[in-house]
Visitor: 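Got a structure for you, questions after.
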Amino acid sequence: LSPPSLPLHTELLIVYLRYKSVHTFYATQVSTFCLPLKVFNFIGLIVGLASSFGFLLVANFQNDYVPAVHFLGAFVVFSAGMLYQWVHTYITYRVYRSGVAGHVGVGWVVAQAIISLLSLVFFVGATLFAGLAGSRRRHHIGHGTFHWSTHDGGFAYHVLSSACEWAMSTTFLVYFLTFHPDFKRMKIDIVVRRRSS
């Protein structure tokens, strides 16, 4: 089993749109931009881009051929993605507490916090079970391939680790849906002009 993933360009677009929505919202709604929130928004952008980079590693370095890079990429995707959720849960909380965004209610803050907590639980589970699976594996088949059978030691832990990875990937997708209230208030214009010579 391997974890599901969003196409890279979709993840990058969501990360950038969320960054711009927070930046634009506070730049236009509040006379003095809240520096800590501005810093958290930038941190969220960097962490989101790091998660996207990890996704790039996972997609381009397959487990069967370059497992070390694949696992590094998976760790970056999941750890940075989880941190991204917590940073943006804090941002949503600050937006809610400021009272300037009527469309952001306590329900969105609670939903994001619950999703972030589930992501943390699944991250710990995936990491713990992967470590247990690897330490109990009796042998691996082939040169660098990782095909598990029920007779291999640690098989049950491997299945639990994979299930946690799938569940964490699902929390990422569901978390992105919590951006809907902000995204539906955005208007994006793309301007294409001829360069002057």
Side-chain angles (χ1 to χ4, degrees), residues 3-61 69-70 72-98 100-105 107-120 122-123 165-166 168-195:
S5 55
L6 279 174
L8 178 63
H9 62 278
T10 304
E11 185 179 348
L12 287 170
L13 181 63
I14 291 170
V15 166
Y16 180 72
L17 286 178
R18 174 62 175 174
Y19 169 78
K20 287 303 286 183
S21 71
V22 170
H23 180 76
T24 301
F25 175 76
Y26 275 94
T28 60
Q29 298 291 329
V30 179
S31 59
T32 58
F33 195 87
C34 181
L35 181 62
L37 195 60
K38 182 178 182 180
V39 170
F40 271 92
N41 193 33
F42 184 72
I43 290 170
L45 175 66
I46 298 302
V47 171
L49 295 175
S51 179
S52 298
F53 177 73
F55 174 77
L56 189 69
L57 292 177
V58 168
N60 287 298
F61 297 94
V69 177
H70 182 83
L72 173 67
F75 181 78
V76 171
V77 167
F78 291 132
S79 60
M82 183 184 54
L83 183 58
Y84 180 83
Q85 289 177 347
W86 283 109
V87 167
H88 279 280
T89 298
Y90 174 75
I91 288 171
T92 302
Y93 171 75
R94 289 291 305 271
V95 169
Y96 165 71
R97 292 289 295 173
S98 72
V100 297
H103 67 281
V104 178
W108 286 111
V109 177
V110 170
Q112 286 184 344
I114 289 170
I115 295 166
S116 298
L117 184 60
L118 286 172
S119 184
L120 175 63
F122 293 136
F123 178 78
E165 289 176 11
W166 278 85
M168 190 181 338
S169 297
T170 302
T171 64
F172 290 174
L173 296 173
V174 172
Y175 193 88
F176 285 155
L177 292 175
T178 67
F179 295 156
H180 180 258
D182 286 335
F183 286 177
K184 75 178 184 179
R185 291 177 163 14
M186 290 177 66
K187 180 179 183 230
I188 301 169
D189 294 321
I190 299 174
V191 178
V192 178
R193 295 187 183 125
R194 173 178 270 174
R195 288 188 345 184

Visitor: On a heavy-atom basis, which atom in Ser116 and which in Tyr175 lie closest, and how many Å separate them?
Guide: OG-CE1, 3.6 Å
Visitor: Does the side chain to side chain contact (heavy atoms under 4.5 Å, CB included) test come out yes or no for Leu17 and Ile188, once each step is laid out?
Guide: CA-CA 9 Å; Leu17 286 178; Ile188 301 169; 3.5 Å; yes
Visitor: Starting at CG of Leu118, measure out to CE of Met82 and round the result to the nearest 0.5 Å.
Guide: 12.5 Å
Visitor: Which heavy atom of Ile14 sits nearest to which heavy atom of Phe176, and what is that distance?
Guide: CG2-CD2, 3.5 Å
Visitor: Take Phe179 and His88 through the test ring pair (Phe, Tyr, Trp, His ring centres under 6.0 Å) and record every step on the way to the result.
Guide: CA-CA 10 Å; Phe179 295 156; His88 279 280; 5.8 Å; yes
Visitor: Return the CZ to CZ distance between Phe172 and Phe78, rounded to the nearest 0.5 Å.
Guide: 6.0 Å
Visitor: First locate atom CH2 of Trp86, then atom CD1 of Ile91, and finally report the distance between them rounded to the nearest 0.5 Å.
Guide: 14.0 Å
Visitor: CZ of Phe183: more than 12 outside heavy atoms within 6.0 angstrom?
Guide: yes
Visitor: Main chain of Gln85, side chain of Thr89: is a donor-acceptor contact present, judged purely on distance under 3.5 Å?
Guide: yes
Visitor: Donor-acceptor pair, distance only, cut-off 3.5 Å: does the side chain of Ser51 make one with the backbone of Val47?
Guide: no
Visitor: Let me confirm one number: the CZ-CG distance from Arg18 to Leu45, rounded to the nearest 0.5 Å.
Guide: 12.0 Å
Visitor: Students often mix this up, so state it plainly: with edges at 30° and 60°, are the rings of Phe75 and Phe123 parallel, tilted or perpendicular?
Guide: tilted
Visitor: Rounded to the nearest 0.5 Å, how far apart are OG of Ser169 and CZ of Phe55?
Guide: 9.5 Å
Visitor: Identify the heavy atoms of Ala50 and Val76 that sit nearest to each other, and give their distance.
Guide: O-CG1, 3.3 Å
Visitor: For Leu177 and Trp108, which heavy atoms make the closest approach, and how far apart are they?
Guide: O-CZ3, 4.5 Å
Visitor: Locate the shortest heavy-atom distance separating Gly48 from Glu11; write the atom from each residue and the value.
Guide: O-OE2, 4.1 Å
Visitor: Would Phe40 and Val22 count as a side chain to side chain contact (heavy atoms under 4.5 Å, CB included) if you check the C-alpha gap in whole Å, the side-chain angles of each, and the deciding distance to 0.1 Å?
Guide: CA-CA 10 Å; Phe40 271 92; Val22 170; over 6 Å; no
Visitor: Which heavy atom in His23 sits nearest to a heavy atom in Asn41, and how many Å separate them?
Guide: N-ND2, 3.6 Å
Visitor: So, taking the atom named OG1 in Thr171 and the one named CG in Leu120, what distance separates them when rounded to the nearest 0.5 Å?
Guide: 10.0 Å
Visitor: Any chance you could lay out the side chain to side chain contact (heavy atoms under 4.5 Å, CB included) test for Tyr84 and Val15, step after step, and finish with the verdict?
Guide: CA-CA 9 Å; Tyr84 180 83; Val15 166; 4.1 Å; yes
